[in-house]
Amino acid sequence: MIHIGDLNPIQQRAVLFEKDRPLMILAGAGSGKTKVLTYRAAHLIKDEGVNPSSVLLLTFTNKAAGEMLSRVQTLLETNYSSPTGGTFHSFSVRILRKFGLAVGVPISFSVFDENDQIETIKRAMQVLGVDQKAMRPASILNSISDAKNNLIGEKEYASYAKGSFQETVAKVYTVYQNLLRQYSGLDFDDLLLKTVKLLKEDENTLNRVRELFPYVLVDEYQDTNKAQYELTKLLAIKSHHLTVVGDASQAIYSWRGADYKNLQYLKRDFPEIITINLEQNYRSSQNILMAANEVIEKNKNHPILRLWTNNEQGEKIAIFQAESEIDEAQYILKEVKGNSRKGVQLSDYAVLYRTNAQSRVVEEAFLHDGIPYILFGGTRFYERKEVKDILSYLRILVNPEDEVSRKRAEKIGKGRVKKLEESRTGIDLQSNSISILDQVLRITGYLDLYDTNNEEDMARIENIKELRSVATEFSDLSEFLQQITLTEKESRSGNTRSSVDERDAVTLMTLHSAKGLEFRRIFMVGMEEGLFPHSRALLSTEEMEEERRLCYVGMTRAKDKLYLSYALRRLYFGQRNSNPPSRFLADVPEELIEVKNKIRQTRHISEQWGFDENGNWKWSPDD
DNA sequence: TTCAGGTGTATTTTT
DNA sequence: TACACCTGAA
């Protein structure tokens, strides 16, 4: 038996719940959802005798997948092999490599990332003579991606298209798909789409895959899109061996096609599904939890778990009214420095903001005072120029049809591509990825482009070395290329900026990237109408609810202390604005708040703003 | 092939 | 304000 003594009774029930029945675990923030899911996987294997490789764990990020697998492994101890796990996308790649031919997917397809997609869209627009200034390729791609996420193919889209925009999209969509076929390329969305298509159309494969993975466990189910929903349904509808974990209140990716309603749809497709709610929170203080509850309660369109905790009441929520964005940053600085003397570490802090552009002011303040920080979300490793350059060489070797990569390679230098093509016959594509990579570097002389005395160039060379070390992990080149496009790597260069001890640093990131993480002390900055909630969400109830969920996610990251701040005047994209304080602030109950700035301590903030008796937004700063 | 200068655009970004 | 992208000239 696996040891479940450290779980609460409800968690235990979820872990031990009968294995042949579909189970939906609604798990609030900080309620131990990953713990429950990993324990359940371990329980199936160790106590129920399920073959480890028959257990399929699906998530959205490689990081989360990796962590789940290693946690299961720890629970199982050594004499068990690992369950199967990964992201929906990497799982799809594996299925398509093995069985994709049945729906016309070549084994060595290229995986097109967003950049490649845009390039292909541009090409399609060129073919059709669509003016790229009149219609932005990115917004066309958006519509196409949206359609794909909802399993709408180009023909079906064309039949629904209304108005000139959609009609153009429909045309581009068709040409785009033709180009992808020509290039032997699948974009991110196709990976899911084609896999669903394959399982729907080819019964042999469906049965085979069901045999291979009779037990399916999915984390963060509120983030699934239609394609992912269909995929899990296809896998589990017959066996009923499905466990999903999710929380509608933490759904913040609807703009990428995610639909928290999939949690409800599951009840329709699996009528015998049992729901277990995990509502005890182990992370936050009572005050933080109460405040977060009040904020999320305003949402009417989805179920809301009422979290509770045995933790201490804790400190009050600090609200700070800054004069400007610079003043706001100074406040953070002062607070961080003040507490560091009291034994609070820099790594206990995270500063969360709605938009990336907001990081700059905070960075400047930290930089000026020599406070080390880690900034999340720069250019991703596999999107760096030098990495993509080399990958484009490799991609044309594996898949000569890949015109997007060819174009990129030719931009580096036509001569180099020519040399590479001439040597093609001398390169054994069956040999190790790393040896092929080294041959490519030698043949193209790519490294000559960089000057070892130049600091920036050296960083690029470092990245290439990093890429080499990843290549050693894959023997098959085609598999290497397909998987790494779907993998985010921790990029070490250029992120930490300080000479001080690198391990202890404040974290700076967007609210979105904070999901799933926790910190002792959280600053949420820019709590202003138009910024957070963002101006784009102001007109739509749906989007406003998502902003509110985002606020909830941010607040529930904090264990001990939550700081909310806003600025009376803010310079944003070269414009000076005066935004009213965020409506979310007004939802935090008065008795949980301490107002940090001296100026307006006399008057309680909720008298200054909020909704008036007619439900209209009001704001009256007293100067 | 390279680079300077003009132009357009700026929400979030798991893969 | 800032920067990615495109264009055209050298």
Side-chain angles (χ1 to χ4, degrees), chain A residues 58-67 86-93 111-119 122 132-134 136-139 141-142 145 148-149 186-193 195 218-225 227-228 250-258 325 352-361 364 376-383 385 410-416 449 482-489 509-517 526 530-538 543 546-547 549-551 553-554 570-577:
Chain A
L58 291 174
T59 54
F60 290 84
T61 69
N62 290 290
K63 201 172 144 206
E67 190 176 324
T87 64
F88 278 97
H89 289 84
S90 68
F91 175 70
S92 297
V93 166
V111 177
F112 276 34
D113 71 7
E114 205 179 316
N115 256 316
D116 305 328
Q117 292 183 67
I118 291 279
E119 290 306 314
K122 284 180 186 166
Q132 294 189 18
K133 282 188 183 126
R136 284 184 23 246
S139 72
L141 175 59
N142 238 335
S145 178
K148 287 188 175 182
N149 285 159
L186 297 189
D187 66 18
F188 282 160
D189 306 316
D190 280 339
L191 296 177
L192 304 173
L193 194 74
T195 305
V218 189
D219 199 6
E220 306 274 22
Y221 207 76
Q222 77 283 350
D223 287 338
T224 50
N225 60 29
Q228 287 153 337
Q250 294 184 75
I252 54 174
Y253 284 105
S254 74
W255 46 277
R256 294 182 59 126
E325 76 284 354
L352 308 184
Y353 35 82
R354 179 66 241 264
T355 67
N356 284 306
Q358 289 168 261
S359 73
R360 219 200 64 225
V361 209
E364 279 168 2
F376 267 60
T379 309
R380 307 230 274 271
F381 183 77
Y382 291 111
E383 280 166 14
K385 180 189 178 295
E410 284 176 351
K411 243 200 273 184
I412 310 165
K414 284 196 173 157
R416 295 175 203 275
L449 288 168
Q482 286 169 352
Q483 284 298 337
I484 63 163
T485 310
L486 304 172
T487 316
E488 188 41 69
K489 271 183 56 60
M509 64 176 129
T510 61
L511 286 149
H512 280 88
S513 9
K515 197 176 93 166
L517 306 177
L531 233 200
F532 189 37
H534 196 270
S535 54
R536 301 232 178 169
L538 255 30
E543 285 180 60
E546 182 141 318
E547 295 289 303
R549 290 192 291 270
L550 191 55
C551 185
V553 166
R570 173 177 302 272
L571 190 64
Y572 194 59
F573 293 137
Q575 282 236 293
R576 194 158 283 290
N577 290 353

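Here is how names work: the chains are called A, B, and so on, in the same order as the sequence lines, proteins then strands, and each is numbered from 1.
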Next on the checklist: Taking side-chain hydrogen bond (donor to acceptor under 3.5 Å, both in side chains) as the criterion, tell me which of A/N225, A/D190, A/D189 meets it with A/K148.
Outcome noted: A/D190

Checklist entry - Does A/Y221 have any side chain to side chain donor-acceptor pair (under 3.5 Å) partners at least two apart in sequence or in another chain, and if so, which? => result A/T232

Next on the checklist: Please report the distance separating the C1' of B/dT11 from the corresponding atom of C/dC6, rounded so that it comes out in whole Å.
Outcome noted: 25 Å

Checklist outcome for this item: Protein heavy-atom contacts under 4.0 Å, written 5' to 3' over nucleotides 8-15 of chain B as B (base), S (sugar-phosphate only) or - (none), form the string -SBBBBBB

Checklist entry - 5' to 3' on DNA chain C, which nucleotides open and close the contacts with chain A (atom under 4.0 Å from a heavy atom)? => result C/dT1 to C/dC6

Item to check | Between B/dT14 and C/dC3 - C1' atom distance, rounded Å | outcome: 25 Å

Checklist entry - Applying the side-chain hydrogen bond (donor to acceptor under 3.5 Å, both in side chains) test to A/D223, which of A/K515, A/Q250, A/Q228 qualifies? => result A/K515

Next on the checklist: Is it the case that atom CD in A/E114 sees more than 12 heavy atoms from other parts of the structure closer than 6.0 Å?
Outcome noted: no

Checklist entry - Would you call A/R360-A/E364 a salt bridge at under 4.0 Å N-O? => result yes

Item to check | Side-chain heavy-atom pair A/L486, A/F188 within 4.5 angstrom cut-off | outcome: yes

Checklist entry - Pick the nucleotide of DNA chain C nearest each of A/E119 and A/R360; which residue has the one closer to the 5' end? => result A/R360

Next on the checklist: With heavy-atom distances below 4.5 Å as the criterion, would you say the side chains of A/R380 and A/D113 are in contact?
Outcome noted: no

Next on the checklist: Mind checking if A/G413 touches a base, just sugar-phosphate, or nothing, with heavy atoms under 4.0 Å?
Outcome noted: sugar-phosphate

Next on the checklist: More than 12 heavy atoms of other residues, nucleotides or ligands under 6.0 Å from NZ of A/K411: yes or no?
Outcome noted: no

